[in-house]
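Every chain is numbered from 1, with letters handed out A, B, ... down the list of sequences.
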4 protein chains.
Amino acid sequence: MSSQKASATRKPLAAAPEAKAPSRRRGRERVATLLAAGAVVFADKGFDAATMTEIAARAGASIGSLYQFFPTKAALADALLEQHMNVVHAHLDAIAAQAATQPLPELARALCNALVATRSANPGFVALLDSGNIDPAVIATIRKAMRQQVAAILQRRAPHLPAAELAAAAAAVLQMMKSAAAMQADVTLPGREAALAELAQMLHAYLQVRLGG
Amino acid sequence: MSSQKASATRKPLAAAPEAKAPSRRRGRERVATLLAAGAVVFADKGFDAATMTEIAARAGASIGSLYQFFPTKAALADALLEQHMNVVHAHLDAIAAQAATQPLPELARALCNALVATRSANPGFVALLDSGNIDPAVIATIRKAMRQQVAAILQRRAPHLPAAELAAAAAAVLQMMKSAAAMQADVTLPGREAALAELAQMLHAYLQVRLGG
Amino acid sequence: MSSQKASATRKPLAAAPEAKAPSRRRGRERVATLLAAGAVVFADKGFDAATMTEIAARAGASIGSLYQFFPTKAALADALLEQHMNVVHAHLDAIAAQAATQPLPELARALCNALVATRSANPGFVALLDSGNIDPAVIATIRKAMRQQVAAILQRRAPHLPAAELAAAAAAVLQMMKSAAAMQADVTLPGREAALAELAQMLHAYLQVRLGG
Amino acid sequence: MSSQKASATRKPLAAAPEAKAPSRRRGRERVATLLAAGAVVFADKGFDAATMTEIAARAGASIGSLYQFFPTKAALADALLEQHMNVVHAHLDAIAAQAATQPLPELARALCNALVATRSANPGFVALLDSGNIDPAVIATIRKAMRQQVAAILQRRAPHLPAAELAAAAAAVLQMMKSAAAMQADVTLPGREAALAELAQMLHAYLQVRLGG
DNA sequence: TATGAATGAGGGTTCATTCAT
DNA sequence: CATGAATGAACCCTCATTCAT
């Protein structure tokens, strides 16, 4: 199964109260504004400390308006999450497309950067995932999907790796990718760029061992 | 400077609201109970969702008693953090003691396990660090101390590595150690043990490259 | 400068936490009710002993409603203060208008009664001013404004009094006016009316000396 | 009845829980320290905001020790009040002793200064009286006693004044004395000294009218 | 549909007072 | 007596959510 397909067949994350799809253009714009505001505020303060009132205010909307589209704080977070996951998946799909032909060090770097990029696009993402306020089932789903995408990437380089080993490697690589994102987010780290390069190096060394030179 | 010394000169983390030290035996026991309860509740729900009331209740104490020793929710978290850091630092010191003589794969495994172990001893640890409710300066201090300890460990294997490279490597290794702990905490991950082994492998491959065979 | 003008250019008292202005009619009514309730409760118990819960209850509102418009107990007090000051200033303006032509004993009586009247309209006023919970800068501002108004009144009778003497006299007269109000509030004082008359007498004697017959 | 006698027969102010008189020297010292600490803290923060814990701490005593001598926050305040009243009464007695022979302007000044002096010796005094936390009966008693002392002073100058007029005049003069004290406490008042002189002038003018030149 | 007022449970924190040691 | 830990009612304030207009 190609990862494109995987991402194409992805289903809405939550079974919970869904935002009613806005029928008019005006509505769609509003939703976008609200999501953007939510992204910023969640990123700034984390899920718990973020308030629906502030999000609405930042979007230039009334609190009532916000609730019209997102019946729950968690629903807003879910929507945000889904949106971000789409970006992430697209990123990984792009990497997968090149995976077979790219030199290994470049692949390593690309993987390391995957989450770094999307994460700086929206720093609140992780805060949400780790806040403990998101339905664990949703989180599990997300993680599984990402692992599968990473596995698909690795498989391009090592088509005959047994499924179990592939899965384990994918989990490890994904974890490493998260590490890179976390490191990128740590502004207090002196020599951050060098350390990030080191992480890429680490990934490269591993891929060499695992996938064969 | 030996890492033992480093840990000997470690200073209290918190700047502002310290836990008032109990002077009676009763008080000291209380503080221990309260810390334990806090650890559990923070681990369960994260910093924000944890309530002082629940912590007190779980400790079998009244809310007033809790506040007698920890003037603030954050102060309690700080105390917990400090306590945990002591464990972590001791762990790392122990690793450092063996670092020079140990076979490399074992060192890799030991590093991977360092945070895994302390973290399962108290799963709330990370939640606190990442919650955004802890004084960023405290967090920076903690991270720096850990990086230095890891650097000291690496230095035993590669005494002549330039300081800058050493620092970058330490940051990368530390990040990896955290990855292992995170992975360990993810109960939804199928084949977790295999994946953890893969992480150790990754670290090993990296150390080989970095520190020389 | 006429005292009317002075009162026209008066600015809002509070520096920091303003009452959020209601935009709907319902809200405006609420605010009025809440202010009234606050006035009563502050008067009854003083600032510290008054509770927001009681104020809300007395207004027939929920606690949340109260906080919607007054983000802080102090903000409510400030609003109340400002409202009362407006009444006081209007009173003093009225006195100023007649000051030039009125017989001196009548002026003395009017001054004595100025605060008595407004104060019985809202007995909590002084409690607030003296509670030590109001921003001292606000208090200083209030006092200064009152002194200036009293000075303006005196100036109508003695246009050529040097500014410094005028200011000192105004401060003394204002203090006397407060005395009258305090006396009025003391229900345990036997012969209160006679004593109040005595105070007016005292003021009259003073004005005669100061302003000339 | 001489005012000395009046002050000699004064009874304890409160019927409420009394502090047990300490039998040993050590105890008496402690009580003195506690009272002093209470005076300072009440003065600083007012009755409500003052905490028993802080008072004990400032006295270098434990909270338990404080409660050994003053079973209640109000009891402490009462004790303080009584102590201060003794000073005030002594002051007034001294004034009474000279009242008959002194030139009128000097008497006026002495009266104005009476409360000013004692009040700056302990600025918390008024805060207590006006805080609404002291038993109103106690307050009434205090006021009555002071009025009687002032009346006694006035009587020395005008022995034949009818009792009712004397009482009214005493009430007015007392109020004026409080005004002077309040004015003295107002650090924001520019030209405070001049204003105080004005107050003395006012009192003088009144006494001339009332008591005859 | 958009707005903003209304609601109230719940959270962190304080402090007078009590009591065992 | 002294000490300091223990208690818990009460306080101020927040915020997700609902609802009338």
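Expressed to the nearest 0.5 Å, how far OG1 of Thr141(A) lies from CE of Met85(A) amounts to 10.5 Å. Summarising the geometry, atom CD belonging to Glu82(C) is positioned 8.5 Å from atom CD1 belonging to Ile142(C); distances are rounded to the nearest 0.5 Å.
Looking at residues two or more places apart in sequence or on another chain, you find a side-chain contact (heavy atoms from CB on, under 4.5 Å) between Ala50(D) and Val41(D), Phe42(D). Every side-chain contact (heavy atoms from CB on, under 4.5 Å) that Ala37(A) has, sequence neighbours left out, goes to Ile55(A), Arg58(A), Ala59(A).
Distance Leu34(A) CG to dT3(E) C1': 14 Å, rounded to the nearest Å. If you measure from atom CZ of Arg28(C) to atom P of dT3(E), you get 18 Å, rounded to the nearest angstrom. At whole-Å resolution of the value, CZ in Phe69(D) and P in dA16(E) are 19 Å apart. In this structure, Leu66(D) places its CG atom 14 Å from C1' of dC1(F), rounding to the nearest Å. In this structure, the CZ atom of Phe70(B) is 20 Å from the P atom of dG11(E), given to the nearest Å.
The shortest non-hydrogen separation linking Leu35(D) to Ala79(D) is CD2-CB, 3.9 Å. Nearest heavy atom pair, residue Gly38(B) against residue Leu76(B), reads CA-CD2, 4.4 Å.
Look at Gln68(B) and you won't find any side-chain N or O under 4.0 angstrom from OP1 or OP2 of dA6(F).
Across all strands, Arg30(A) comes closer than 4.0 Å only to sugar-phosphate atoms, never to a base (heavy-atom distances).
The list of salt bridge (charged side-chain N to carboxylate O under 4.0 Å, His left out) pairs with a residue in residues 37-50 of chain B, not counting sequence neighbours, reads Lys45(B)-Glu54(B).
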Does the protein touch nucleotides 16-21 of chain F at the base, only the backbone, or not at all? Give it as B, S and - per nucleotide, heavy atoms under 4.0 Å.
SBB-B-
Could you provide the dot-bracket string of DNA chain F, using ( ) for intrastrand pairs, [ ] for crossing pairs and | for bases paired to another strand, with Watson-Crick or G-U pairs below 3.5 Å?
.||||||||||||||||||||
Can you give me every donor-acceptor pair (side chain of residues 61-70 of chain C, partner residue at least two apart or in another chain, under 3.5 Å) with its distance?
from, atom 1, to, atom 2, distance (Å)
Ser62(C), OG, Ser65(C), N, 3.2
Ser65(C), OG, Arg30(C), NH1, 3.0

